[in-house]
Amino acid sequence: MTVRVRMAPSPTGFLHIGGIRTFLFNWLFARGRGGECLLRIENTDTSREVAEATEQIQRSLQWLGTDWDGPVTFQLDAMERCGGLARQLVEEGKAYEDEGAIRFRMPDEGVTAWDDAVLGRIEVPNAQLEDLVIVRSDGRATYNFANPVEDMDERITDVIRGRDHISNTPKQLQILQALGHEPPVYAHVPDVLGNDGKKLSKRHGATSIDEFRTAGYIPSALMNFLALLGWAPDGETTVMPPEELVRRFSLDRVGASPATLDYEKLDWMNGVYLRAMRPEEYADALVSYLREQGYDWPEDRVRAAAPLVQDKIERLGQFPGFAGFLFGPVESDAVQLDGGGEMLAGAEEALAALEPFTAQAIEQALRQLADRLGQKPRQAFQPIRIAVTGSKVSPGLFESIELLGRDEALARIRAARA
RNA sequence: GCCCCCGUCGACUAGCGGCCCAGGUCACGGCCCUUUCAAGGCCGUAGCGCGGGUUCGAAUCCCGCCGGGGGCACCA
(Lines give C-alpha, C1' and ligand atoms only; values in the text may rest on other atoms or scores of the structure.)
Protein backbone atom coordinates (compact mmCIF):
# COMPACT_ATOMS: atom_id res chain seq x y z
CA MET A 1 0.00 0.00 0.00
CA THR A 2 1.30 3.40 -0.94
CA VAL A 3 2.09 5.70 1.93
CA ARG A 4 -0.13 8.72 2.14
CA VAL A 5 0.10 11.35 4.83
CA ARG A 6 -1.39 14.74 5.38
CA MET A 7 -0.32 17.94 7.03
CA ALA A 8 -3.37 19.42 8.69
CA PRO A 9 -2.88 22.81 10.28
CA SER A 10 -5.71 24.94 11.54
CA PRO A 11 -5.51 28.51 10.25
CA THR A 12 -5.87 30.05 13.68
CA GLY A 13 -2.55 31.88 13.54
CA PHE A 14 0.90 31.70 12.10
CA LEU A 15 2.55 28.31 12.16
CA HIS A 16 5.33 28.15 14.68
CA ILE A 17 8.46 26.12 14.39
CA GLY A 18 7.09 23.18 16.36
CA GLY A 19 4.23 22.78 13.91
CA ILE A 20 6.62 23.12 11.03
CA ARG A 21 8.76 20.38 12.51
CA THR A 22 5.75 18.06 12.73
CA PHE A 23 4.97 18.72 9.07
CA LEU A 24 8.58 18.15 8.18
CA PHE A 25 8.35 14.69 9.69
CA ASN A 26 5.28 13.98 7.56
CA TRP A 27 7.05 15.17 4.47
CA LEU A 28 10.29 13.30 5.12
CA PHE A 29 8.31 10.15 5.85
CA ALA A 30 6.26 10.34 2.67
CA ARG A 31 9.06 11.39 0.34
CA GLY A 32 11.39 8.74 1.64
CA ARG A 33 8.85 6.09 0.78
CA GLY A 34 7.66 7.30 -2.57
CA GLY A 35 4.39 8.27 -0.93
CA GLU A 36 2.09 11.23 -1.09
CA CYS A 37 1.85 14.20 1.20
CA LEU A 38 -1.35 16.25 1.27
CA LEU A 39 -2.04 19.66 2.74
CA ARG A 40 -5.38 20.12 4.41
CA ILE A 41 -6.44 23.29 6.16
CA GLU A 42 -8.67 22.43 9.08
CA ASN A 43 -10.85 25.47 9.18
CA THR A 44 -14.06 24.16 10.70
CA ASP A 45 -13.94 26.79 13.39
CA THR A 46 -14.52 29.84 11.25
CA SER A 47 -14.69 32.11 14.28
CA ARG A 48 -11.07 31.51 15.09
CA GLU A 49 -9.75 31.73 11.57
CA VAL A 50 -7.03 34.24 10.88
CA ALA A 51 -7.14 35.65 7.37
CA GLU A 52 -3.41 35.57 6.66
CA ALA A 53 -2.74 32.20 8.21
CA THR A 54 -3.45 29.93 5.25
CA GLU A 55 -1.11 31.89 3.06
CA GLN A 56 1.56 32.14 5.73
CA ILE A 57 1.48 28.39 6.29
CA GLN A 58 2.00 27.60 2.62
CA ARG A 59 4.72 30.20 2.24
CA SER A 60 6.56 28.81 5.27
CA LEU A 61 6.36 25.23 4.10
CA GLN A 62 7.56 26.15 0.65
CA TRP A 63 10.41 28.26 1.84
CA LEU A 64 11.68 25.45 4.03
CA GLY A 65 11.80 23.26 0.96
CA THR A 66 8.84 20.99 1.55
CA ASP A 67 5.96 20.54 -0.86
CA TRP A 68 2.66 18.72 -1.12
CA ASP A 69 0.67 16.76 -3.63
CA GLY A 70 -2.52 17.97 -5.23
CA PRO A 71 -4.41 21.11 -4.36
CA VAL A 72 -4.68 22.45 -0.84
CA THR A 73 -7.97 21.26 0.62
CA PHE A 74 -10.18 22.84 3.21
CA GLN A 75 -12.03 20.94 5.87
CA LEU A 76 -15.01 23.24 5.57
CA ASP A 77 -15.65 21.70 2.16
CA ALA A 78 -16.34 18.36 3.80
CA MET A 79 -19.26 19.55 5.88
CA GLU A 80 -21.95 18.05 3.69
CA ARG A 81 -20.20 14.73 3.56
CA CYS A 82 -19.83 14.77 7.34
CA GLY A 83 -23.46 15.67 7.83
CA GLY A 84 -24.53 12.71 5.73
CA LEU A 85 -22.35 10.31 7.66
CA ALA A 86 -23.62 11.73 10.93
CA ARG A 87 -27.23 11.10 9.91
CA GLN A 88 -26.26 7.60 8.91
CA LEU A 89 -24.75 7.02 12.34
CA VAL A 90 -27.95 8.28 13.94
CA GLU A 91 -30.01 5.87 11.86
CA GLU A 92 -27.76 3.05 12.91
CA GLY A 93 -28.16 4.03 16.53
CA LYS A 94 -24.47 4.89 16.87
CA ALA A 95 -25.19 8.58 17.40
CA TYR A 96 -28.13 10.59 18.63
CA GLU A 97 -29.54 14.09 18.59
CA ASP A 98 -29.03 16.27 21.58
CA GLU A 99 -30.38 19.83 21.71
CA GLY A 100 -29.95 20.29 18.00
CA ALA A 101 -26.49 18.80 17.89
CA ILE A 102 -25.52 15.22 17.12
CA ARG A 103 -23.55 13.22 19.63
CA PHE A 104 -21.58 10.10 19.00
CA ARG A 105 -22.29 7.23 21.35
CA MET A 106 -19.06 6.07 22.99
CA PRO A 107 -18.82 2.60 24.50
CA ASP A 108 -18.91 2.47 28.29
CA GLU A 109 -16.75 -0.56 28.77
CA GLY A 110 -13.52 -1.99 27.48
CA VAL A 111 -10.54 -0.09 26.17
CA THR A 112 -9.61 1.61 22.95
CA ALA A 113 -6.03 0.94 22.02
CA TRP A 114 -3.56 1.48 19.24
CA ASP A 115 0.11 0.88 18.55
CA ASP A 116 1.55 4.31 18.24
CA ALA A 117 4.47 4.44 15.83
CA VAL A 118 6.54 6.51 18.22
CA LEU A 119 5.03 5.94 21.65
CA GLY A 120 4.25 2.26 21.48
CA ARG A 121 0.98 0.77 22.65
CA ILE A 122 -1.49 3.14 24.22
CA GLU A 123 -4.69 2.01 25.88
CA VAL A 124 -7.49 4.23 27.05
CA PRO A 125 -10.41 2.97 29.13
CA ASN A 126 -13.62 3.62 27.24
CA ALA A 127 -15.31 4.78 30.41
CA GLN A 128 -13.06 7.77 29.98
CA LEU A 129 -14.66 8.66 26.68
CA GLU A 130 -17.69 10.90 26.72
CA ASP A 131 -20.30 11.02 24.01
CA LEU A 132 -18.87 13.72 21.87
CA VAL A 133 -20.60 16.22 19.66
CA ILE A 134 -19.84 15.42 16.05
CA VAL A 135 -22.17 17.97 14.47
CA ARG A 136 -22.89 21.31 16.08
CA SER A 137 -26.39 22.66 16.36
CA ASP A 138 -25.53 25.03 13.50
CA GLY A 139 -24.92 22.01 11.27
CA ARG A 140 -21.15 22.11 11.01
CA ALA A 141 -19.15 19.05 11.93
CA THR A 142 -16.63 19.35 14.72
CA TYR A 143 -12.92 18.70 14.32
CA ASN A 144 -13.00 15.30 15.99
CA PHE A 145 -15.51 14.10 13.43
CA ALA A 146 -14.37 15.85 10.29
CA ASN A 147 -10.77 14.88 10.87
CA PRO A 148 -11.19 11.08 10.83
CA VAL A 149 -13.79 11.33 8.08
CA GLU A 150 -11.35 13.15 5.84
CA ASP A 151 -8.54 10.79 6.79
CA MET A 152 -10.85 7.98 5.71
CA ASP A 153 -11.95 9.59 2.46
CA GLU A 154 -8.42 10.58 1.54
CA ARG A 155 -7.17 7.10 2.35
CA ILE A 156 -4.54 8.41 4.72
CA THR A 157 -2.25 5.58 5.81
CA ASP A 158 -0.22 7.33 8.49
CA VAL A 159 -1.26 10.15 10.76
CA ILE A 160 1.78 11.95 12.08
CA ARG A 161 0.80 14.76 14.43
CA GLY A 162 1.65 16.53 17.66
CA ARG A 163 1.21 14.81 20.97
CA ASP A 164 -1.53 17.18 21.99
CA HIS A 165 -3.70 14.96 19.81
CA ILE A 166 -3.15 11.81 21.84
CA SER A 167 -6.40 12.23 23.71
CA ASN A 168 -8.29 12.71 20.45
CA THR A 169 -7.06 9.47 18.99
CA PRO A 170 -9.30 7.04 20.89
CA LYS A 171 -12.32 9.16 19.97
CA GLN A 172 -11.38 9.18 16.32
CA LEU A 173 -10.64 5.47 16.43
CA GLN A 174 -14.15 4.84 17.74
CA ILE A 175 -15.66 6.95 15.00
CA LEU A 176 -13.68 5.19 12.31
CA GLN A 177 -14.76 1.85 13.69
CA ALA A 178 -18.41 2.91 13.65
CA LEU A 179 -17.92 3.97 10.06
CA GLY A 180 -16.47 0.58 9.27
CA HIS A 181 -13.08 1.89 8.23
CA GLU A 182 -9.69 0.43 8.99
CA PRO A 183 -7.78 3.11 10.92
CA PRO A 184 -4.43 4.55 9.81
CA VAL A 185 -1.24 4.15 11.77
CA TYR A 186 -0.93 6.93 14.33
CA ALA A 187 2.34 8.54 15.31
CA HIS A 188 2.42 11.23 17.96
CA VAL A 189 5.57 13.24 17.88
CA PRO A 190 6.93 15.16 20.87
CA ASP A 191 6.64 18.89 21.44
CA VAL A 192 9.25 21.51 20.81
CA LEU A 193 9.91 23.62 23.88
CA GLY A 194 11.61 26.93 24.56
CA ASN A 195 14.88 27.04 26.50
CA ASP A 196 13.07 27.26 29.81
CA GLY A 197 11.22 24.02 29.26
CA LYS A 198 7.99 25.80 28.59
CA LYS A 199 6.01 25.67 25.44
CA LEU A 200 7.65 27.64 22.68
CA SER A 201 6.55 31.25 22.53
CA LYS A 202 7.65 34.65 21.34
CA ARG A 203 9.87 35.42 24.28
CA HIS A 204 12.10 32.45 23.50
CA GLY A 205 13.29 34.07 20.31
CA ALA A 206 12.34 33.42 16.73
CA THR A 207 9.44 31.01 16.41
CA SER A 208 8.05 31.58 12.94
CA ILE A 209 9.68 30.66 9.68
CA ASP A 210 9.49 34.30 8.65
CA GLU A 211 11.66 35.29 11.56
CA PHE A 212 14.30 32.69 10.78
CA ARG A 213 14.25 33.80 7.20
CA THR A 214 14.74 37.42 8.17
CA ALA A 215 17.60 36.52 10.48
CA GLY A 216 19.43 34.98 7.54
CA TYR A 217 19.15 31.26 8.08
CA ILE A 218 19.03 29.13 4.98
CA PRO A 219 16.33 26.53 4.35
CA SER A 220 18.46 23.40 4.19
CA ALA A 221 20.23 24.24 7.44
CA LEU A 222 16.98 24.94 9.23
CA MET A 223 15.48 21.74 7.86
CA ASN A 224 18.47 19.75 9.05
CA PHE A 225 18.29 21.32 12.47
CA LEU A 226 14.54 20.82 12.80
CA ALA A 227 14.75 17.20 11.74
CA LEU A 228 17.18 16.55 14.55
CA LEU A 229 14.66 17.82 17.09
CA GLY A 230 13.26 14.50 18.19
CA TRP A 231 14.88 12.35 15.57
CA ALA A 232 18.36 10.96 15.13
CA PRO A 233 19.52 8.40 12.59
CA ASP A 234 22.34 6.97 14.64
CA GLY A 235 23.61 9.31 17.30
CA GLU A 236 26.70 10.16 15.30
CA THR A 237 25.60 11.88 12.12
CA THR A 238 24.67 15.51 12.51
CA VAL A 239 24.97 17.29 9.20
CA MET A 240 22.51 15.91 6.66
CA PRO A 241 21.25 17.82 3.64
CA PRO A 242 17.59 17.39 2.63
CA GLU A 243 18.16 14.42 0.29
CA GLU A 244 19.90 12.52 3.02
CA LEU A 245 17.20 13.35 5.54
CA VAL A 246 14.57 12.05 3.16
CA ARG A 247 16.55 8.89 2.58
CA ARG A 248 17.22 8.15 6.23
CA PHE A 249 14.15 9.34 8.08
CA SER A 250 12.02 6.78 9.85
CA LEU A 251 9.39 7.02 12.54
CA ASP A 252 10.85 4.29 14.68
CA ARG A 253 13.81 6.53 15.38
CA VAL A 254 11.70 9.43 16.54
CA GLY A 255 12.10 9.88 20.27
CA ALA A 256 9.28 10.14 22.76
CA SER A 257 10.48 13.06 24.85
CA PRO A 258 10.11 16.75 24.09
CA ALA A 259 12.99 18.71 22.62
CA THR A 260 14.29 22.17 23.39
CA LEU A 261 15.30 24.57 20.69
CA ASP A 262 18.99 25.48 20.85
CA TYR A 263 19.54 28.60 18.81
CA GLU A 264 23.30 28.39 19.19
CA LYS A 265 23.41 24.99 17.59
CA LEU A 266 21.19 26.27 14.80
CA ASP A 267 23.65 29.13 14.27
CA TRP A 268 26.52 26.69 14.09
CA MET A 269 24.69 24.49 11.65
CA ASN A 270 23.70 27.40 9.46
CA GLY A 271 27.37 28.36 9.38
CA VAL A 272 28.29 24.87 8.27
CA TYR A 273 25.89 25.08 5.36
CA LEU A 274 26.94 28.60 4.44
CA ARG A 275 30.61 27.64 4.37
CA ALA A 276 29.89 24.54 2.31
CA MET A 277 28.29 26.54 -0.50
CA ARG A 278 30.12 27.16 -3.74
CA PRO A 279 31.30 30.78 -3.94
CA GLU A 280 28.80 31.67 -6.64
CA GLU A 281 25.98 29.98 -4.86
CA TYR A 282 26.90 31.84 -1.71
CA ALA A 283 26.99 35.18 -3.52
CA ASP A 284 23.58 34.45 -5.02
CA ALA A 285 22.13 33.69 -1.61
CA LEU A 286 23.63 36.83 -0.16
CA VAL A 287 22.37 39.03 -2.97
CA SER A 288 18.83 37.75 -2.80
CA TYR A 289 18.79 37.88 0.97
CA LEU A 290 19.86 41.52 1.03
CA ARG A 291 17.38 42.43 -1.66
CA GLU A 292 14.65 40.69 0.29
CA GLN A 293 15.59 42.65 3.38
CA GLY A 294 15.40 45.94 1.53
CA TYR A 295 19.06 46.81 1.05
CA ASP A 296 19.82 48.58 -2.20
CA TRP A 297 23.56 48.00 -2.17
CA PRO A 298 25.18 47.51 -5.58
CA GLU A 299 25.08 43.86 -6.53
CA ASP A 300 28.55 43.67 -7.99
CA ARG A 301 30.07 44.94 -4.78
CA VAL A 302 28.00 42.54 -2.69
CA ARG A 303 29.25 39.72 -4.87
CA ALA A 304 32.82 40.94 -4.52
CA ALA A 305 32.42 41.08 -0.74
CA ALA A 306 30.87 37.63 -0.47
CA PRO A 307 34.14 35.66 -0.41
CA LEU A 308 35.47 37.93 2.33
CA VAL A 309 32.69 36.93 4.69
CA GLN A 310 31.73 33.40 3.75
CA ASP A 311 33.89 31.80 6.40
CA LYS A 312 33.21 34.43 8.99
CA ILE A 313 29.49 34.86 9.48
CA GLU A 314 27.00 32.16 10.30
CA ARG A 315 23.83 34.03 9.44
CA LEU A 316 23.34 36.17 6.36
CA GLY A 317 21.77 38.73 8.66
CA GLN A 318 25.20 39.43 10.10
CA PHE A 319 26.45 40.75 6.80
CA PRO A 320 25.28 44.36 7.14
CA GLY A 321 26.92 44.73 10.52
CA PHE A 322 30.07 42.93 9.53
CA ALA A 323 30.67 44.27 6.05
CA GLY A 324 28.54 47.40 6.01
CA PHE A 325 31.69 49.53 5.93
CA LEU A 326 32.08 48.53 2.29
CA PHE A 327 28.82 50.25 1.45
CA GLY A 328 28.84 53.40 3.50
CA PRO A 329 30.91 55.74 5.66
CA VAL A 330 32.46 54.72 8.95
CA GLU A 331 33.41 56.58 12.07
CA SER A 332 36.66 55.57 13.63
CA ASP A 333 36.93 55.95 17.35
CA ALA A 334 39.83 58.15 18.44
CA VAL A 335 40.25 56.25 21.67
CA GLN A 336 40.66 52.96 19.90
CA LEU A 337 43.16 54.51 17.58
CA ASP A 338 45.34 55.65 20.44
CA GLY A 339 48.98 54.98 19.68
CA GLY A 340 48.50 54.11 16.06
CA GLY A 341 49.43 57.46 14.59
CA GLU A 342 52.78 56.39 13.30
CA MET A 343 51.35 53.30 11.67
CA LEU A 344 48.55 55.25 10.03
CA ALA A 345 50.94 57.81 8.65
CA GLY A 346 53.12 55.08 7.24
CA ALA A 347 50.13 53.26 5.79
CA GLU A 348 48.88 56.37 4.06
CA GLU A 349 52.23 56.86 2.47
CA ALA A 350 52.68 53.21 1.49
CA LEU A 351 49.25 52.86 -0.04
CA ALA A 352 49.27 56.13 -1.90
CA ALA A 353 51.78 54.95 -4.46
CA LEU A 354 51.22 51.21 -4.33
CA GLU A 355 50.98 49.34 -7.64
CA PRO A 356 49.18 47.16 -8.27
CA PHE A 357 46.54 47.88 -5.67
CA THR A 358 45.81 44.28 -4.81
CA ALA A 359 45.33 42.47 -1.55
CA GLN A 360 48.58 40.67 -2.00
CA ALA A 361 50.58 43.82 -2.65
CA ILE A 362 48.80 45.63 0.16
CA GLU A 363 49.68 42.89 2.58
CA GLN A 364 53.28 42.95 1.51
CA ALA A 365 53.55 46.69 1.86
CA LEU A 366 51.89 46.83 5.26
CA ARG A 367 53.96 43.96 6.59
CA GLN A 368 57.13 45.73 5.52
CA LEU A 369 55.89 48.84 7.24
CA ALA A 370 55.17 46.99 10.47
CA ASP A 371 58.58 45.42 10.28
CA ARG A 372 60.23 48.77 9.77
CA LEU A 373 58.42 50.22 12.78
CA GLY A 374 59.33 47.18 14.84
CA GLN A 375 55.76 46.20 15.51
CA LYS A 376 54.05 42.83 15.54
CA PRO A 377 51.53 42.47 12.71
CA ARG A 378 48.82 41.92 15.29
CA GLN A 379 49.20 45.33 16.89
CA ALA A 380 50.33 47.13 13.78
CA PHE A 381 47.28 46.37 11.68
CA GLN A 382 44.68 47.12 14.27
CA PRO A 383 44.69 50.94 13.92
CA ILE A 384 44.46 50.55 10.16
CA ARG A 385 41.62 48.11 10.53
CA ILE A 386 39.72 50.50 12.76
CA ALA A 387 40.36 53.42 10.48
CA VAL A 388 39.27 51.56 7.37
CA THR A 389 36.46 49.35 8.64
CA GLY A 390 35.38 51.28 11.71
CA SER A 391 35.64 48.18 13.83
CA LYS A 392 38.07 45.97 15.67
CA VAL A 393 36.41 42.99 14.05
CA SER A 394 36.23 42.79 10.28
CA PRO A 395 36.77 40.70 7.19
CA GLY A 396 40.35 40.28 6.03
CA LEU A 397 42.02 43.69 6.11
CA PHE A 398 43.96 43.54 2.88
CA GLU A 399 41.09 42.26 0.81
CA SER A 400 38.86 44.86 2.39
CA ILE A 401 41.23 47.67 1.47
CA GLU A 402 41.50 46.41 -2.08
CA LEU A 403 37.75 46.23 -2.43
CA LEU A 404 37.25 49.65 -0.96
CA GLY A 405 39.69 51.11 -3.44
CA ARG A 406 42.66 53.34 -2.97
CA ASP A 407 40.81 56.65 -2.77
CA GLU A 408 38.32 55.60 -0.17
CA ALA A 409 40.88 53.72 1.90
CA LEU A 410 43.22 56.71 1.97
CA ALA A 411 40.37 59.05 2.81
CA ARG A 412 39.45 56.93 5.81
CA ILE A 413 43.01 56.73 7.02
CA ARG A 414 43.37 60.49 6.73
CA ALA A 415 40.12 61.03 8.54
CA ALA A 416 41.30 58.83 11.36
CA ARG A 417 44.53 60.72 11.69
CA ALA A 418 42.84 64.06 11.92
C1' G B 1 -9.96 16.22 40.65
C1' C B 2 -9.61 12.35 36.73
C1' C B 3 -6.89 10.39 32.38
C1' C B 4 -2.60 10.10 29.21
C1' C B 5 2.54 10.97 27.86
C1' C B 6 7.62 12.03 29.08
C1' G B 7 12.49 11.93 32.38
C1' U B 8 20.83 10.09 29.73
C1' C B 9 26.09 15.92 30.07
C1' G B 10 23.63 23.23 30.13
C1' A B 11 21.13 21.76 24.80
C1' C B 12 20.07 17.89 20.76
C1' U B 13 20.86 12.87 21.21
C1' A B 14 23.25 7.31 20.82
C1' G B 15 22.21 3.38 24.08
C1' C B 16 16.95 -1.38 23.14
C1' G B 17 20.83 -6.66 30.01
C1' G B 18 27.16 -7.55 29.71
C1' C B 19 30.76 -4.23 23.90
C1' C B 20 29.25 1.85 28.76
C1' C B 21 33.70 3.49 35.30
C1' A B 22 28.12 5.85 29.06
C1' G B 23 29.57 7.58 22.71
C1' G B 24 28.64 11.85 19.00
C1' U B 25 27.25 17.10 17.96
C1' C B 26 26.41 22.33 19.92
C1' A B 27 27.80 25.36 23.90
C1' C B 28 31.79 25.96 27.51
C1' G B 29 37.39 25.80 29.06
C1' G B 30 42.64 25.16 27.45
C1' C B 31 46.44 24.78 23.66
C1' C B 32 48.00 25.28 18.41
C1' C B 33 47.40 28.20 13.95
C1' U B 34 46.66 33.39 13.04
C1' U B 35 46.30 40.71 10.40
C1' U B 36 41.04 41.19 13.97
C1' C B 37 36.95 37.86 14.05
C1' A B 38 35.85 33.37 12.43
C1' A B 39 37.19 28.72 10.36
C1' G B 40 40.45 24.50 11.20
C1' G B 41 43.46 20.98 14.42
C1' C B 42 44.39 18.82 19.34
C1' C B 43 42.95 18.21 24.50
C1' G B 44 39.45 18.79 28.39
C1' U B 45 35.05 19.84 32.01
C1' A B 46 30.20 17.87 32.29
C1' G B 47 25.06 13.30 32.41
C1' C B 48 21.88 7.88 33.33
C1' G B 49 15.83 12.33 38.62
C1' C B 50 15.18 9.35 43.49
C1' G B 51 14.08 4.71 46.08
C1' G B 52 13.04 -0.26 45.92
C1' G B 53 13.11 -4.80 43.32
C1' U B 54 14.37 -8.83 39.13
C1' U B 55 19.30 -10.73 37.56
C1' C B 56 25.71 -13.52 38.09
C1' G B 57 25.21 -8.53 35.80
C1' A B 58 20.70 -2.58 34.74
C1' A B 59 21.18 3.67 31.78
C1' U B 60 18.67 -0.51 29.65
C1' C B 61 13.23 -4.86 32.65
C1' C B 62 9.27 -4.23 36.88
C1' C B 63 7.01 -1.22 40.96
C1' G B 64 6.63 3.24 43.75
C1' C B 65 7.89 8.35 44.33
C1' C B 66 9.32 13.00 42.56
C1' G B 67 9.63 16.35 38.53
C1' G B 68 7.90 18.18 33.64
C1' G B 69 4.21 18.33 29.77
C1' G B 70 -0.60 17.45 27.53
C1' G B 71 -5.84 16.43 27.71
C1' C B 72 -10.84 16.23 30.10
C1' A B 73 -15.42 22.05 24.77
C1' C B 74 -21.36 22.44 20.15
C1' C B 75 -11.74 24.71 19.85
C1' A B 76 -8.50 22.57 16.48
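In what follows, chains carry the letters A, B, and so on, assigned in the order in which the sequence lines appear, proteins first and then strands, with residues in each chain numbered from 1.
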Any pair with a residue in residues 395-406 of chain A that passes side chain to side chain donor-acceptor pair (under 3.5 Å), sequence neighbours left out, goes on the list, sorted by first then second residue, please. Glu355(A)-Arg406(A)
What residues, two or more places apart in sequence or in another chain, satisfy salt bridge (Lys or Arg N to Asp or Glu O under 4.0 Å) together with Glu49(A)? none
At a cut-off of 3.5 Å, list every protein nitrogen or oxygen paired with a nitrogen or oxygen from nucleotides 58-60 of chain B, distance to 0.1 Å.
none

Going by the rule salt bridge (Lys or Arg N to Asp or Glu O under 4.0 Å), which residues pair with Asp98(A) if we only count those two or more places apart in sequence or in a different chain? Arg103(A)
For a quick test of your reading: what N or O donor-acceptor pairs under 3.5 Å do the side chains of residues 305-312 of chain A make, sequence neighbours left out?
{"unit_1": "Gln310(A)", "atom_1": "NE2", "unit_2": "Leu274(A)", "atom_2": "O", "d": "2.9"}
{"unit_1": "Gln310(A)", "atom_1": "NE2", "unit_2": "Met277(A)", "atom_2": "O", "d": "2.9"}

Protein N or O to nucleotides 39-50 of chain B N or O, pairs below 3.5 Å:
{"unit_1": "rA39(B)", "atom_1": "O3'", "unit_2": "Arg275(A)", "atom_2": "NH1", "d": "3.4"}

Distances under 3.5 Å between nitrogen or oxygen atoms of protein and nucleotides 68-71 of chain B:
{"unit_1": "rG71(B)", "atom_1": "O2'", "unit_2": "Ser167(A)", "atom_2": "OG", "d": "2.7"}

Got a sec? Which of residues 98-105 of chain A come in under 4.0 Å of RNA chain B, heavy atoms? Asp98(A), Glu99(A), Ala101(A), Arg103(A)
Kindly write out the residues that satisfy side-chain contact (heavy atoms from CB on, under 4.5 Å) with Thr260(A), not counting sequence neighbours, or none if the list is empty. Leu193(A), Asn195(A)
Please list, pair by pair, any protein nitrogen or oxygen found under 3.5 Å from a nitrogen or oxygen in nucleotides 18-23 of chain B.
{"unit_1": "rG23(B)", "atom_1": "N2", "unit_2": "Gly235(A)", "atom_2": "O", "d": "2.9"}

Please collect all salt bridge (Lys or Arg N to Asp or Glu O under 4.0 Å) contacts where either partner lies in residues 127-141 of chain A, sequence neighbours excluded, each pair once. Asp138(A)-Arg140(A)
Taking only nitrogen or oxygen atoms into account, show me every contact under 3.5 Å that the protein makes with nucleotides 30-35 of chain B, one pair per line with its distance.
{"unit_1": "rU35(B)", "atom_1": "OP1", "unit_2": "Arg367(A)", "atom_2": "NH1", "d": "3.4"}
{"unit_1": "rU35(B)", "atom_1": "OP1", "unit_2": "Arg367(A)", "atom_2": "NH2", "d": "2.4"}
{"unit_1": "rU35(B)", "atom_1": "O2'", "unit_2": "Arg385(A)", "atom_2": "NH2", "d": "3.0"}
{"unit_1": "rU35(B)", "atom_1": "O2", "unit_2": "Arg385(A)", "atom_2": "NH2", "d": "2.5"}

